[in-house]
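Here the structure is laid out as structure tokens; the discussion comes afterwards.
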Amino acid sequence: MSLDEEMFQKGLAARKATLGAEYVQNTLDNADDFHRPFQEAMTAWCWGFGWGDDTLDAKTRSMMNLSMIAALGKMTEWEIHLRGALTNGVSKDEVQSIIHVIGIYCGVPQALECFRVAKRVFSEGEA
């Protein structure tokens with residue numbers, strides 16, 4: 001197995017563990033020739049190289065991602081990573097604290113967007 005393939009497989013495992021195997025497989029299966037190279041590179045680089053480093057645990061990485069993605073204002077990705085953070089053991093109370101910090105550093109409107117998404121995601125879990 002080449003280094004690229006090894007990194008992709010490592011990334012694929014990490015990505016599926018955090019975001020869910022069905023979601024990840026569906027994303028890859030639905031990638032066309034235009035989008036597939038990016039999906040493969042991102043799986044190897046972000047998930048294989050970045051998440052594959054054992055220095056930080058998955059929960060800590062998820063908490064960092066929530067903060068960074070909120071700072072970018074990418075709420076679709078924030079919702080995906082909120083679900084992954086919950087899978088990785090981030091509690092509702094920890095999410096609340098993360099959103100408080102997002103409000104301080106990224107502004108109240110961004111924190112409100114995060115609260116809206118979190119409320120929806122949390123309510124789905126209660127249904």
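Position 1 is the first residue of the sequence; numbering continues from there. We use all heavy atoms of the structure for the numbers below, so side chains are in, but hydrogens, waters and symmetry mates are not.
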Under 3.5 Å, which donor-acceptor pairs link side chains of residues 106-113 to any protein atom two or more places apart or in another chain?
residue: Q110; atom: NE2; partner: A70; partner atom: O; Å: 3.3
residue: E113; atom: OE2; partner: R116; partner atom: NH1; Å: 2.8

Exercise. Would you call M75 and C114 a side-chain contact if the rule is heavy atoms closer than 4.5 Å?
Worked result: yes

Exercise. Side-chain donor-acceptor pair under 3.5 Å between D57 and T60, yes or no?
Worked result: yes

Exercise. For R36 and D33, which heavy atoms make the closest approach, and how far apart are they?
Worked result: NH1-OD1, 2.9 Å

Exercise. Does I69 share a hydrophobic cluster with V101, counting links as ILVMFWY side-chain heavy atoms below 4.5 Å and allowing steps through other members?
Worked result: no

Exercise. Counting N and O atoms only, with roles assigned by atom type, does the side chain of N30 sit under 3.5 Å from a partner on the main chain of N26, one being a donor and the other an acceptor?
Worked result: yes

Exercise. Do side-chain atoms of K59 reach the backbone of V90 as a donor and acceptor pair under 3.5 angstrom?
Worked result: no

Exercise. Hey, are the side chains of I98 and M63 touching, using non-hydrogen atoms and a 4.5 Å cut-off?
Worked result: yes

Exercise. Just wondering, more than 12 heavy atoms not from D54 lying within 6.0 Å of its CG?
Worked result: no

For this session: Could you tell me whether R120 and E79 make a salt bridge, using a distance below 4.0 angstrom between a side-chain N and a carboxylate O?
Result: yes

Exercise. Is F38 reachable from L72 through a run of I, L, V, M, F, W or Y residues, each pair having side-chain heavy atoms under 4.5 Å apart?
Worked result: no

Problem set entry | M64 reachable from I99 in the ILVMFWY side-chain graph, under 4.5 Å edges | no

Problem set entry | Nearest non-hydrogen partners of Q39 and A31, listed with the distance | CG-CB, 4.1 Å

For this session: Could you tell me the separation between the NZ atom of K119 and the NZ atom of K92, rounded to the nearest 0.5 Å?
Result: 10.0 Å

Exercise. Any side-chain heavy-atom pair from T87 and T18 closer than 4.5 angstrom?
Worked result: no

Exercise. In terms of the angle between their ring planes, are F115 and H100 parallel, tilted or perpendicular, with boundaries placed at 30° and 60°?
Worked result: tilted

For this session: Tell me whether M42 is reachable from W51 by hopping between hydrophobic residues (I, L, V, M, F, W, Y) whose side-chain heavy atoms are closer than 4.5 Å.
Result: yes

Seminar exercise, completed: Heavy atoms of N88 and A17 approach each other most closely as OD1-O, 4.4 Å

For this session: Would you check if the side chain of W78 reaches a backbone N or O of L66 as a donor-acceptor pair within less than 3.5 Å?
Result: yes

For this session: Report yes if the side chains of R15 and L28 come closer than 4.5 Å at any heavy-atom pair, otherwise no.
Result: yes

For this session: Would you mind reporting whether L86 and V121 have side-chain heavy atoms less than 4.5 Å apart?
Result: yes

For this session: Verify the distance criterion only: is there a donor paired with an acceptor across the side chains of T55 and D53 at less than 3.5 Å?
Result: yes

